[in-house]
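Read the structure below first, then the notes.
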Amino acid sequence: MRAIIFNGTAAEFTADLEVRAPGPKEVKVRMVAAGLCHSDVSVINGTIPWPAPSVLGHEGAGIVSEVGSAVTSVVPGDHIVISTLAACGVCRQCASGRPTRCRKSIGNASQPFTLHGTPCTNFAGTSAFAEETLITELQAVRIPKDVPLTSAALVGCGVITGAGAVFNRANVQPGDTAIVFGVGGVGLNTIQALRIKRASRIIAIDTMASKEALARQFGATDFINASEVEDVVAKVHELVPYADGLPVGGFNSGGVDWAFDVVGHPKVTSQCLDCLDWGGTVVILGVPAPGTEMNLSYSRLTHVDRTVMGTRAGSYVPQRDLVGIVEMYRRGEYMLDELVTAQYQLEDFDQAVHDMHEGKLARGVLTF
């Protein structure tokens, strides 16, 4: 079957991949659509260390084709979103409704595939860039068949990472103010979640002017082009000042209540902190290379109750949050179709990556 694999140095298309039959608690999925995410590219460029050969892709939707003997929650023919989070479902964290903290959900690579007779590893428990893939039952989130799978494909990673940071990890209140650094697929979902939570000011920040229209479509009230502004922090304080005629007050007061770092870069995280008002919080969504460190000012934190925290995949619970997003979409409250800028055949993977790097995509979707 067709797939995109990581061969240790690059991504390549193959038509010779095979996948085994499902075990008792596993589900085989015929993929229909898969989103292209920066994390896939991070494997290729070495930012995320991963064994090779492996089948890429971790954001997708499809139709159940076969189930293991002990599977009870889905049957062949069901439409599903794949939850990238392959938690165990039985540990203390899972039982407490915090599966993103499950110890078994990180570094749990297995080898359900073979390529020319050689074992081939999955990626992020998902491997969505293949005509068929194998997942655990807990990852199969059933959705209504009236939801386009090309839109639903994005829910399991990019959508929930951005939205979950607002809905689950943060405590955004109506009237709060926020900035979002990075207006890609994840950032757009952070923005629209802030809109849904009725934030009064949502400032989108990116280095590409072309991102402004999308940011505003999804709910941004303001846009800062970081490539043209000499001092982004000063611009934020200008938009959300301490007082009329006084952008910054004592202990750096003024600025926003929430700052979402979707980029995951030390300079951006530091700027986020400098943009906070008293009691504000930085939420880090972006994932830099392992070992990356940041240097922050203690006085920005300890004197006036500011916070810096991370979130893994929007701190989500699959059967609650992914289903919830889909239901909001069906009611017309959440935008998914608008996230799909372009669709590509699997063989056009390189073009999709090129368009992503050029800033042409909110999200590119591979179809099968």
Side-chain angles (χ1 to χ4, degrees), residues 27 29-40 57-64 73-74 78-87 99-100 105 123-129 133 135-169 184-197 214 218-219 262 285 311-343 356 361-368:
V27 175
V29 185
R30 176 173 65 81
M31 297 303 301
V32 174
L36 175 62
C37 177
H38 277 282
S39 294
D40 301 305
H58 65 285
E59 181 180 87
I63 300 172
V64 175
S73 62
V74 293
D78 280 346
H79 287 205
I80 65 164
V81 168
I82 297 177
S83 168
T84 304
L85 183 65
T100 55
S105 66
F123 174 54
T126 305
S127 291
F129 295 167
T133 192
I135 60 174
T136 67
E137 180 181 10
L138 289 175
Q139 293 175 265
V141 179
R142 187 171 55 191
I143 62 173
K145 293 183 179 179
D146 61 359
V147 178
L149 291 175
T150 49
S151 298
L154 309 180
V155 174
C157 180
V159 168
I160 196 58
T161 297
V166 176
F167 292 155
N168 299 328
R169 194 72 170 108
V186 175
L188 289 171
N189 284 285
T190 306
I191 288 168
Q192 72 167 321
L194 287 165
R195 185 199 74 231
I196 290 169
K197 294 289 282 187
L214 270 173
F218 279 77
V262 187
L285 293 74
T311 177
R312 180 189 179 201
S315 307
Y316 78 101
V317 179
Q319 297 292 343
R320 178 193 71 192
D321 295 328
L322 303 189
V323 171
I325 292 287
V326 169
E327 287 307 309
M328 282 194 288
Y329 164 79
R330 296 179 78 212
R331 294 194 301 266
E333 299 169 7
Y334 201 98
M335 294 188 289
L336 292 179
D337 302 336
E338 295 84 354
L339 288 166
V340 183
T341 311
Q343 296 183 34
M356 180 178 70
L361 306 176
R363 213 52 154 192
V365 172
L366 302 173
T367 57
F368 298 81

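Only this structure's heavy atoms are used, side chains among them; waters, hydrogens and symmetry mates stay out. Residue numbers count from 1 along this sequence. What you see is a predicted model, and the numbers here were worked out from it, not measured in a lab.
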Which atoms form the tightest heavy-atom contact between Asn168 and Ser315, and what is the distance?
-> ND2-O, 3.4 Å
CA sep, side-chain torsions, deciding dist, call: Tyr334, Val326, side-chain contact (heavy atoms from CB on, under 4.5 Å) | CA-CA 8 Å; Tyr334 201 98; Val326 169; over 6 Å; no
NE2 (His79) with more than 12 external heavy atoms under 6.0 Å | yes
Tightest non-hydrogen contact, residues Cys37 and Cys157, listed as SG-SG, 4.3 Å
State the CZ-OG1 distance between Arg169 and Thr161, to the nearest 0.5 angstrom.
-> 13.5 Å
Flag side-chain contact, heavy atom, 4.5 Å: Ser105 against Arg312 | yes
Salt bridge (charged side-chain N to carboxylate O under 4.0 Å, His left out) contacts in which one or both residues fall within residues 144-154, not counting sequence neighbours = Asp146-Arg330
Closest non-hydrogen atom pair between Ser83 and Pro318, with its separation = OG-CG, 3.4 Å
Are Val32 and Phe368 side-chain neighbours, meaning at least one heavy-atom pair lies under 4.5 Å?
-> no
When rounded to the nearest 0.5 Å, the distance separating OG1 of Thr150 from CZ of Arg363 is 14.0 Å
Point-to-point distance, once rounded to the nearest 0.5 Å, from CG of Leu366 to CG of Asp40 | 8.5 Å
Is there a side-chain contact between Val27 and Val74, using heavy atoms and a 4.5 Å cut-off?
-> yes
Which atom of Glu327 lies closest to which atom of Pro144, heavy atoms considered | OE2-CG, 4.0 Å
Test side-chain contact (heavy atoms from CB on, under 4.5 Å) on Thr126 and Glu59 and set out the steps.
-> CA-CA 8 Å; Thr126 305; Glu59 181 180 87; over 6 Å; no
Ala33 versus Ala153, closest heavy-atom pair with distance = O-CB, 3.6 Å
Of the options Leu149, Val29, Leu322, which is the one that meets Ile80 in a side chain to side chain contact (heavy atoms under 4.5 Å, CB included)?
-> Val29
Report yes if some heavy atom in the side chain of Val365 is under 4.5 Å from a heavy atom in the side chain of Leu36; otherwise report no.
-> no
Step by step, would you call Thr133 with Arg30 a side chain to side chain donor-acceptor pair (under 3.5 Å)?
-> CA-CA 7 Å; Thr133 192; Arg30 176 173 65 81; over 6 Å; no
Once you round to the nearest 0.5 Å, how far does OG1 of Thr190 lie from CZ of Arg195?
-> 12.5 Å
Rounded to the nearest 0.5 Å, the OH atom of Tyr316 sits from the CD1 atom of Ile160 at a distance of 7.5 Å
Met31 side chain reached by Ile63 side chain, heavy atoms, under 4.5 Å = no
Does the pair Asn189 and Leu339 meet the rule for a side-chain contact (heavy atoms from CB on, under 4.5 Å), with working shown?
-> CA-CA 9 Å; Asn189 284 285; Leu339 288 166; 3.7 Å; yes
Results of ring-ring contact (aromatic ring centres under 6.0 Å, His included) for Phe129 - residues two or more places apart only = Phe349
Rounding to 0.5 Å, atoms CD (Gln343) and OG1 (Thr367) come to a distance of 5.5 Å
Assess whether side-chain contact (heavy atoms from CB on, under 4.5 Å) is satisfied between Ile82 and Val141, documenting all intermediate values.
-> CA-CA 6 Å; Ile82 297 177; Val141 179; over 6 Å; no
What one should report as the nearest heavy-atom pair of Leu138 and Ala87 is CD1-O, 3.5 Å
